[in-house]
Number of protein chains: 2
Amino acid sequence: MQNTPITLKFLAEKLKMSVSTVSKALNNYPTINEYTKKRVQEMARDLHFTPNKSAINLKERKSRIIGIILPNLLDYFFTRSIYGVEQFAMKNGYNVIISQSHDELEKEIQLADMLLKSRVDGLIVAISKNTQDFGHLDQFENMGIPVVYYTRNPSFNLSCHKVLGNTFQGCYQATKFLIDRGHKKIAYLGGPKMINFTHDRFNGYINALKDNNVPFKAELVAYTDFDKENTVSAIQNLFNDAENMPTALVAFKEPILFDAIKYLKSINHPKFNEIECIGFGNTPFISYLDSPPIASIEENPESVGENAIKLLLQLINREIEIQDYQKIMVDCQLVVH
Amino acid sequence: MQNTPITLKFLAEKLKMSVSTVSKALNNYPTINEYTKKRVQEMARDLHFTPNKSAINLKERKSRIIGIILPNLLDYFFTRSIYGVEQFAMKNGYNVIISQSHDELEKEIQLADMLLKSRVDGLIVAISKNTQDFGHLDQFENMGIPVVYYTRNPSFNLSCHKVLGNTFQGCYQATKFLIDRGHKKIAYLGGPKMINFTHDRFNGYINALKDNNVPFKAELVAYTDFDKENTVSAIQNLFNDAENMPTALVAFKEPILFDAIKYLKSINHPKFNEIECIGFGNTPFISYLDSPPIASIEENPESVGENAIKLLLQLINREIEIQDYQKIMVDCQLVVH
DNA sequence: AATAGCATTTCAAACGTTTGAAATAATTGA
DNA sequence: TCAATTATTTCAAACGTTTGAAATGCTATT
């Protein structure tokens with residue numbers, strides 16, 4: 001048991017050559033004789049040699065660890081996005097530390113410090129809804145560690161790398177879909193105003209209205225953060241005017257939409273069955289709802305995650321200059337249920 | 001920008017002492033003078049010295065990486081359990097590689113090999129529903145790398161470390177609860193028979209019946225794997241006998257339960273509203289269902305995860321002998337909605 | 001004043017790689 | 001055949017720590 005680990009040295013002794021020849025043979029150096037390479041590589045394969053990552057990392061002054069900060073793993077979008085990140089990171093020899101801010105700035109700062117101490121080679125972050133000052137994240141770039149913001153990002157700041165869902169297009173499509181089904185009074189229920197793409201989504205909504213000559217009415221727009229009472233009062237506002245009673249609803253996120261639906265049902269809204277809803281997310285749970293949304297906006301979280309890690313690795317490998325700020329958009333699809 | 005990293009050597013030069021003194025001072029060696037320690041520690045703090053993990057790992061012949069294999073991150077139980085693992089691992093300087101088998105043995109074997117190559121210091125695994133041969137996992141222990149099975153584990157095998165929910169007790173409690181509410185015909189809908197604790201749960205169910213003098217009827221028991229058609233036909237079996245029509249149902253897992261409820265509703269089961277259901281999981285989504293289960297069995301996934309990583313670290317640190325096989329149970333709670 | 005004994009610090013090797021420079025071997029040309 | 005090339009291999013240092021052994025400094029004892 002507990003066999004001595006296979007190292008370059010061990011291979012070298014077996015093959016009666018120097019450690020450096022073995023190393024270079026395995027790394028396919030052109031100065032190494034082809035036959036030697038073959039011998040070394042075969043031996044390495046047979047003995048199941050695996051290079052020691054710690055040694056390589058030490059030598060290369062890298063940790064091969066990517067940090068991720070996101071609000072909450074229980075959020076369906078983030079869980080799925082992680083999958084894209086992990087897959088691609090792993091394929092490239094990187095490990096990922098996932099950490100949850102619980103949407104609290106305080107915690108986010110702590111995690112950032114922790115990750116900085118862990119010497120991550122790069123950071124992927126979806127900021128908390130309260131993050132407006134970026135000192136704790138800027139320190140990464142100041143130390144030459146690239147940062148990619150994904151999904152939630154500082155809207156006003158052009159000097160950062162961003163990967164995000166094309167939430168404008170998604171919302172445009174959803175609104176258009178409802179218009180095409182004959183709706184004239186489509187409400188928009190936005191998310192926390194602090195989250196930047198709340199506004200992109202709103203713009204998608206409003207542009208779809210405009211392009212299709214549906215008059216915009218300010219009474220049909222309300223915002224909520226993620227807690228229930230807030231959502232309920234937003235919905236009350238939207239549906240309290242008999243004149244302008246909405247017949248359709250586009251919501252920032254499915255959990256919010258579910259709260260809305262639940263509320264409308266609970267008050268026995270007279271036209272409840274005619275109201276058609278769409279939200280961002282495409283949660284599998286929808287199939288269990290008695291009054292499901294008519295469609296969902298699929299945000300392709302895996303793809304967002306994968307694009308974020310791809311970009312980050314390019315930055316880490318200096319294939320893209322760190323100040324050459326990128327903005328990558330991932331399109332949404334409308335999924336009709 | 002890109003300031004030279006703070007190393008022991010750097011500190012040593014600043015303080016005009018040797019690297020080893022600095023190292024020992026920071027590690028609180030008794031042979032180092034107290035005053036020296038103070039000076040070193042202060043300097044380290046002021047300069048934000050962080051020891052280089054790669055170097056330490058190389059020296060200590062450790063990777064400080066824990067591997068996790070689980071079926072699916074989109075499963076609410078596993079997502080939550082991860083949280084417990086990550087928190088505790090991080091606190092102890094370990095990183096975690098999470099990998100998903102998608103409940104396929106083939107993929108599980110691949111992942112195991114990958115993690116072995118990554119030289120993880122330990123492995124936490126919830127096996128796929130098809131895992132019956134354990135060669136790919138046994139090789140870890142053969143190389144002295146401890147393995148902890150959590151939740152899903154090889155039931156017949158006593159020679160392994162296990163951390164699992166006390167699913168017997170959870171199911172007992174749920175059944176008892178239904179009996180106390182006057183039910184006499186309580187159906188049990190089990191999960192895949194390959195998953196070992198399907199039987200523990202069944203035993204909880206049956207013992208609760210026995211202890212409360214409710215006669216057991218074989219017709220009231222059915223099994224399903226996780227796909228819908230399967231669940232539907234199981235439910236059909238349970239509810240096709242007018243004589244023994246169940247008035248309550250205990251289900252292996254909430255998603256299965258939701259499928260069952262959905263089906264019963266869809267066929268306009270005459271006594272649908274009287275049927276009371278309980279499933280394992282306590283998914284937050286329940287609040288959006290029109291016909292929610294009357295209660296949920298909360299499995300405390302975070303705690304299961306935390307217990308698994310705690311045990312694993314003890315094994316890694318040889319605080320527990322690797323052959324001194326442990327079995328840790330985490331109790332469930334019944335949450336009435 | 002020399003020495004034993006202790007406290008404290010430093011030396012030096014090791015962990016497993018990578019890599020430029022130096023050394024050696026093989027081949028070519030005259 | 002000998003030098004000049006070229007091909008191939010080896011040396012040696014470095015990455016940043018840890019740690020037992022050796023060295024140094026100091027105090028107390030005689």
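Just so it is clear, the structure is predicted and the values come from calculations on it, not from any experiment. In the text below, chain A, chain B and the rest are named by the order of the sequence lines, each starting its count at 1.
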Looking only at the side chains, is there a donor atom on one of D121(A) and S63(A) sitting less than 3.5 Å from an acceptor on the other?
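There is such a pair between these side chains.
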Would a distance-only check, ignoring hydrogens and angles, find a side-chain to backbone donor-acceptor pair under 3.5 Å from K37(B) to Y29(B)?
yes
Mark yes or no for whether D103(A), through its side chain, and P71(A), through its backbone, hold a donor-acceptor pair below 3.5 Å.
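The answer is no, because no donor-acceptor pair under 3.5 Å joins these two groups.
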Would you mind reading off the distance between [X] atom [atom1] and [N] atom [atom2], rounded to a whole angstrom?
X: K62(B); N: dT18(D); atom1: NZ; atom2: P; value: 13 Å
X: Y29(A); N: dA21(C); atom1: OH; atom2: C1'; value: 13 Å
X: N27(B); N: dT9(C); atom1: CG; atom2: P; value: 15 Å
X: R39(B); N: dT9(C); atom1: CZ; atom2: C1'; value: 13 Å
X: L26(B); N: dT18(D); atom1: CG; atom2: P; value: 8 Å

Determine all donor-acceptor pairs shorter than 3.5 Å in which one atom belongs to a side chain in residues 84-92 of chain B; sequence neighbours excluded.
none

Sugar-phosphate or base contact per nucleotide [nucleotides 6-16 of chain D; S, B, -; heavy atom under 4.0 Å]
--BBBB--BBB
Assess whether a salt bridge exists between E42(B) and R39(B), defined as any Lys/Arg side-chain N lying under 4.0 Å from an Asp/Glu carboxylate O.
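Looking at R39(B) together with E42(B), the answer is no, because their closest N to O distance does not fall below 4.0 Å.
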Ionic contact status for K310(B) with E306(B), cut-off 4.0 Å
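Yes.
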Would you indicate, yes or no, if dT17(C) has its OP1 or OP2 atom less than 4.0 angstrom from a side-chain nitrogen or oxygen of N57(A)?
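False: N57(A) side-chain N/O out of range (4.0 Å or more) of dT17(C) OP1/OP2.
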